[in-house]
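Count residues from 1 along the sequence.
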Amino acid sequence: MTCTGAIRPFFVFLGVTLATLERKLVEMLNAPVEALGHKLWGLEYIQAGKHSILRLYIDNEKGIFIEDCAEASRQVSAVLDVEDPITSEYTLEVSSPGVDRPLFTAEQYKAYIGETVKVQLTMPVAGSRNLKGTVTGVDGQMLNLSVDGNELIVALDNIRKGNLIAKF
């Protein structure tokens with residue numbers, strides 16, 4: 001449900017890594033989202049010239065509806081207009097994480113131990129940048145994955161993008 005990306009380090013935006021910009025945005029936008037009774041699940045800033053996108057994922061135990069996204073968009077837009085952390089043009093999108101929810105933090109991966117995830121890596125692990133496996137544990141900032149019967153350890157900083165694989 002979209003009402004209106006996570007880029008990891010190694011890219012530079014106005015002299016600041018995108019990961020640093022992401023952290024700043026999370027700190028800045030967490031309070032207005034929580035004030036609405038929701039949780040800021042994560043965000044992605046996808047830099048693409050004039051078509052850059054700032055995508056926020058909000059969540060709530062009761063679910064997220066289009067009205068929630070619209071209200072969050074208004075609140076977040078007001079904060080972004082005042083703080084102006086992104087100097088170039090961008091489109092703001094507010095969405096629920098959905099069933100194939102993106103995963104951003106160690107806590108989120110911990111919540112899905114025993115579930116299947118797909119991760120895209122910055123640097124290969126076991127010869128691959130794309131892994132699909134079962135989360136077997138999280139130790140600090142290290143993700144333990146069972147991939148085709150092999151136990152792999154992946155640094156969370158090495159994950160460019162991670163998603164839960166929904167079971168139907």
If you round to the nearest 0.5 Å, how far is [atom2] of [Y] from [atom1] of [X]?
X    : Y    : atom1 : atom2 : result
Q141 : I159 : CD    : CD1   : 9.5 Å
D157 : T122 : CG    : OG1   : 9.0 Å
L143 : L103 : CG    : CG    : 9.0 Å
L43  : S95  : CG    : OG    : 12.5 Å
H38  : E71  : NE2   : CD    : 6.0 Å

May I ask you to test the [X]-[Y] pair for a side-chain heavy-atom distance under 4.5 Å?
X    : Y    : result
V117 : L145 : yes
P102 : Y57  : yes
L156 : M142 : no
D68  : L36  : no
K118 : L131 : no
L29  : L80  : yes

Between I53 and E93, is a side-chain contact (heavy atoms from CB on, under 4.5 Å) present by the stated rule, with each step listed?
CA-CA 7 Å; I53 297 171; E93 295 180 357; 3.9 Å; yes
State, to 0.1 Å, how close [X] and [Y] come at their nearest heavy-atom pair, and which atoms those are.
X    : Y    : value
L92  : S77  : CD2-OG, 3.3 Å
L25  : L54  : CD1-CD1, 3.9 Å
K132 : V147 : O-CG1, 3.6 Å
L164 : V99  : CD2-O, 3.9 Å
D100 : A166 : OD1-N, 3.0 Å
L121 : S128 : CD1-O, 3.7 Å

Taking [X] for its side chain and [Y] for its backbone only, find out whether a donor-acceptor pair lies under 3.5 Å.
X    : Y    : answer
D84  : D81  : no
T136 : N144 : yes
N60  : G37  : yes
Q108 : T105 : yes

Stepwise, does the side-chain contact (heavy atoms from CB on, under 4.5 Å) test hold for N30 with E34?
CA-CA 6 Å; N30 196 46; E34 284 185 353; 3.3 Å; yes
Is it possible for you to say whether L152 and V119 belong to one hydrophobic cluster, with membership spreading through side-chain heavy-atom contacts below 4.5 Å?
yes
Working for side-chain contact (heavy atoms from CB on, under 4.5 Å), residues T91 and H51
CA-CA 7 Å; T91 300; H51 304 289; over 6 Å; no
Do you know which of V76, V82, V79 makes side chain to side chain contact (heavy atoms under 4.5 Å, CB included) with M28?
V79
Start with the C-alpha gap between R101 and D59, add the side-chain angles, then the distance that decides, and say whether salt bridge (charged side-chain N to carboxylate O under 4.0 Å, His left out) holds.
CA-CA 10 Å; R101 60 187 47 225; D59 203 11; 2.9 Å; yes
When you look at CD1 of I153, are more than 12 heavy atoms from neighbouring residues, nucleotides or ligands closer to it than 6.0 Å?
no
Angle class for the W41/Y112 ring planes (parallel below 30°, perpendicular above 60°, tilted otherwise)?
perpendicular
Identify whether the distance between the nearest side-chain nitrogen and carboxylate oxygen of E115 and K167 falls below 4.0 Å.
yes
